[in-house]
There are 2 protein chains.
Amino acid sequence: MNLGLLLFLPYRFMESAVMAELKTHGHDLPLSHARVFQRIGLDGSRMNDLAVAAQISKQTLTSIVDQLEAQGYVRRSPSPHDARVRLVTITDRGQELIALSQPVVTAIEATWTSHLGHAHAAQLRHLLTALVEITDPLAAG
Amino acid sequence: MNLGLLLFLPYRFMESAVMAELKTHGHDLPLSHARVFQRIGLDGSRMNDLAVAAQISKQTLTSIVDQLEAQGYVRRSPSPHDARVRLVTITDRGQELIALSQPVVTAIEATWTSHLGHAHAAQLRHLLTALVEITDPLAAG
DNA sequence: TGCATAAGTCCGAGTATCGGACTAATAATG
DNA sequence: CATTATTAGTCCGATACTCGGACTTATGCA
């Protein structure tokens, strides 16, 4: 099995679990929205950066942020430095999504750790972090 | 950064590279088609299994296989054991996709190996394989 | 000032996706 | 065996997603 698929399957497992958890709490957002939401930085993110990070067109991003905003998860605010730029930030309601996801992620990571062993799980995280440095479009590498 | 995102970013990097390579050779298939194609077994796969593996509805799978078949990448044949079942198999033209992807995957894996070191890269593959055992819906775990 | 570029949005067309309902074939039950 | 339940797969119709093209506004550059 190629390395891409080996990465994909555990990833999707976690993603599905998180989405299901959100859904049971009344947050029924599609995957595409979650993938954008996930990349919003603490200080807010520019629309263009989010589009690059999520690898979708700017038009699609506009549509997704419209909906996230209408549902109260994010807010658009102007950048103080550049009047063209809109910064997307997470609202209190959006923080709920993170709060709900956290325990699910933690639980799954615990399952994986018990399956691999502590040392190996830590190493997995370490190796993946190294890989992300050279594969994330936002890391400009 | 959570483990899901750490898995996702390298995965998508490889996926994008493969899709781009296929496109330059005239195979312009969407991601959803590739994700299905990737799960077709050597002896053929049942429609239902493919839908489960790709986590899409049976209706969507029918549509995708229709298109893959129309483009000559796969073939539907009846199962000798169960007249309800249709086995999806890869045609010669479909094998081209695999042949084109192979060197791209190999090259990226080589890049990653040089970034991580041989032993660590092997370890990464080993750990991910263990994880797939408990996260692939087809593995019935 | 004038021109090129960048950020973001609106519109319209094409497509994807799914729920519901359906057919055909097998499995289970009495 | 006859009857019912379940499974595999498909068709149809409605909804929503996604993107190319064109546009507005703002910044960078000569």
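Every chain is numbered from 1 and lettered A, B, ... according to where its sequence line falls, protein lines coming before strand lines.
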query = Between T60(B) and dT17(C), does any side-chain N or O lie under 4.0 Å from OP1 or OP2?
reply = no

query = Which pairs pass salt bridge (charged side-chain N to carboxylate O under 4.0 Å, His left out) with one or both residues in residues 84-105 of chain A, sequence neighbours excluded?
reply = D82(A)-R84(A)

Any pair counted as salt bridge (charged side-chain N to carboxylate O under 4.0 Å, His left out), so long as it reaches residues 28-39 of chain B, sequence neighbours left out =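 Sorted result for residues 28-39 of chain B: E15(B)-R35(B), R39(B)-D136(B).
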
message = Angle between the two end axes of the helix from dT1(C)-dA30(D) to dG30(C)-dC1(D), five base pairs per end, rounded to 10 degrees?
response = 40°

Enumerate donor-acceptor pairs with a distance under 3.5 Å from any side-chain N or O in residues 60-68 of chain A to protein atoms, sequence neighbours excluded.
{"residue": "T60(A)", "atom": "OG1", "partner": "S57(A)", "partner atom": "OG", "Å": "3.0"}
{"residue": "T62(A)", "atom": "OG1", "partner": "K58(A)", "partner atom": "O", "Å": "3.1"}
{"residue": "S63(A)", "atom": "OG", "partner": "Q67(A)", "partner atom": "NE2", "Å": "3.3"}
{"residue": "D66(A)", "atom": "OD1", "partner": "R76(A)", "partner atom": "NH1", "Å": "3.1"}
{"residue": "D66(A)", "atom": "OD1", "partner": "R76(A)", "partner atom": "NH2", "Å": "2.9"}
{"residue": "Q67(A)", "atom": "NE2", "partner": "S63(A)", "partner atom": "O", "Å": "3.2"}

key: Strand-adjacent residues in residues 61-74 of chain B, judged by heavy atoms under 4.0 Å from DNA chain C   =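 Going residue by residue through residues 61-74 of chain B, the ones with a heavy atom under 4.0 Å of DNA chain C turn out to be I64(B), Q67(B).
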
key: Those residues of residues 12-25 of chain B lying under 4.0 Å from DNA chain C by at least one heavy atom   = none

Scan the side chains in residues 40-49 of chain B for donor-acceptor partners under 3.5 Å anywhere in the protein, sequence neighbours excluded, and list what turns up.
{"residue": "S45(B)", "atom": "OG", "partner": "G41(B)", "partner atom": "N", "Å": "2.8"}

For residues 108-119 of chain A, which side-chain donor-acceptor pairs fall under 3.5 Å, sequence neighbours excluded?
{"residue": "E109(A)", "atom": "OE1", "partner": "R125(A)", "partner atom": "NH2", "Å": "3.4"}
{"residue": "E109(A)", "atom": "OE2", "partner": "R125(A)", "partner atom": "NH2", "Å": "3.2"}
{"residue": "E109(A)", "atom": "OE2", "partner": "L3(B)", "partner atom": "N", "Å": "3.4"}
{"residue": "T111(A)", "atom": "OG1", "partner": "A107(A)", "partner atom": "O", "Å": "3.1"}
{"residue": "T113(A)", "atom": "OG1", "partner": "E109(A)", "partner atom": "O", "Å": "2.8"}
{"residue": "S114(A)", "atom": "OG", "partner": "T111(A)", "partner atom": "O", "Å": "2.9"}
{"residue": "H115(A)", "atom": "NE2", "partner": "A130(B)", "partner atom": "O", "Å": "3.3"}

N/O-N/O pairs, protein side and nucleotides 22-30 of chain D side, under 3.5 Å:
{"residue": "dT27(D)", "atom": "OP1", "partner": "A83(A)", "partner atom": "N", "Å": "3.0"}

request  = Only pairs at least two apart or in different chains count here, so list each ring-ring contact (aromatic ring centres under 6.0 Å, His included) that has a residue in residues 41-98 of chain A.
outcome  =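 Pairs touching residues 41-98 of chain A that pass the test: H27(A)-Y73(A).
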
query = Will you find, in the side chains of Q55(B) and S16(A), an N or O donor that is under 3.5 Å from an N or O acceptor?
reply =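 S16(A) and Q55(B) do have a side-chain donor-acceptor pair below 3.5 Å.
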
For Q71(A), all residues meeting side-chain hydrogen bond (donor to acceptor under 3.5 Å, both in side chains), sequence neighbours excluded = none

task = Tell me which residues in residues 35-52 of chain A put a heavy atom below 4.0 Å from DNA chain D, sorted by number, or none.
result =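 Under 4.0 Å from DNA chain D: no residue of residues 35-52 of chain A.
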
